[in-house]
Amino acid sequence: MLVALTIATSVAALALAAWCGFAAYRDQPTKDWHFIGMGVVTLLAAVQLVAGIVQLARGEHAEQGTVIFVAYLIGAFACVPAAGFMSLAERSRWGSLTVAAGGVVLAVLEVRLYDIWGG
């Protein structure tokens, strides 16, 4: 597992959560800039997904099991886009709050991925 990528993804996810949480505090829905931020965080999660699969293909093993590791990788990749789609359905402050929650969940999943890999 690439520790620097895990930290970068976690920090970006928490920054997105803070940004969207502030928008929810100001009673604003998600805007185009928020979706650009979601795209950046999703790109980091996609890079981590590919890097994790490549490491598994090279013969490295997750300490707590390959199946659970891949499941967490897929969940981490899908977390922010799912929250973004839900925010499109709810065009109020609750949409922004949904994305903020998705960012926090992604950060927690990153910590868990690190633990599963053997960190």
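Predicted model, so just to flag it, every value in this text is computed and none were measured. Position 1 is the first residue of the sequence; numbering continues from there.
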Apply side-chain hydrogen bond (donor to acceptor under 3.5 Å, both in side chains) to Gln64 and list each qualifying residue two or more places apart in sequence or on a separate chain. Arg112

According to side chain to side chain contact (heavy atoms under 4.5 Å, CB included), who are the partners of Ala101, at least two apart in sequence or on a separate chain? none

Name each donor-acceptor pair under 3.5 Å that joins a side chain in residues 7-19 to protein atoms two or more places apart or in another chain, with its distance.
from  : atom 1 : to   : atom 2 : distance (Å)
Thr9  : OG1    : Leu5 : O      : 2.8
Ser10 : OG     : Thr6 : O      : 2.9

Verify same cluster id: Leu106, Val104 (apolar side-chain graph, 4.5 Å): no

Could you give all pairs that pass the salt bridge (Lys or Arg N to Asp or Glu O under 4.0 Å) test and reach residues 14-28, with sequence neighbours left out? Asp27-Arg93

Let me check something: do Val41 and Tyr114 share a hydrophobic cluster, defined by ILVMFWY side-chain heavy atoms less than 4.5 Å apart, either directly or through other members? no

Please identify each residue that fulfils side chain to side chain contact (heavy atoms under 4.5 Å, CB included) with Leu49, with sequence neighbours left out. Ile53, Leu73, Ile74, Phe77

Give me the other members of the hydrophobic cluster that Val108 sits in, counting Ile, Leu, Val, Met, Phe, Trp and Tyr linked by side-chain heavy atoms under 4.5 Å, directly or via other members. none

Closest approach of Leu113 to Ala76 (non-hydrogen atoms, all atoms of both residues): CD1-CB, 4.2 Å

Could you tell me which residues satisfy salt bridge (charged side-chain N to carboxylate O under 4.0 Å, His left out) with Asp32, sequence neighbours excluded, listed by chain and number? none

Apply the hydrophobic cluster definition, ILVMFWY joined by side-chain contacts under 4.5 Å directly or through others, and give me every member besides Phe22. Tyr25

With sequence neighbours left out, the residues meeting side chain to side chain contact (heavy atoms under 4.5 Å, CB included) with Val111 are Asp115

Hydrophobic cluster identity match, Val40 and Val47, side-chain contacts under 4.5 Å: no

Enumerate the salt bridge (Lys or Arg N to Asp or Glu O under 4.0 Å) contacts for residues 66-77, please, sequence neighbours excluded, ordered by first and then second residue. none

Would Met38 and Val105 show up in the same hydrophobic cluster when neighbours are defined by side-chain heavy atoms closer than 4.5 Å? no

Give me each pair satisfying side chain to side chain donor-acceptor pair (under 3.5 Å) with a member in residues 82-92, each pair once, sequence neighbours excluded. Thr30-Ser87, Thr30-Arg91, Glu90-Ser92

Starting from Leu97, walk the hydrophobic network (Ile, Leu, Val, Met, Phe, Trp, Tyr; side-chain heavy atoms closer than 4.5 Å) and list everyone else you reach, by chain and number. Trp94

Looking only at heavy atoms, the pair that brings Gly21 and Ala100 closest together is N-CB, 3.7 Å

Does one hydrophobic cluster hold both Val80 and Leu109, with members joined at side-chain heavy-atom distances below 4.5 Å? no

Distance (rounded to the nearest 0.5 Å) between Lys31 NZ and Cys20 SG: 11.5 Å

Pairwise side-chain contact, Ile36 with Trp33, heavy-atom cut-off 4.5 Å (strictly under): yes

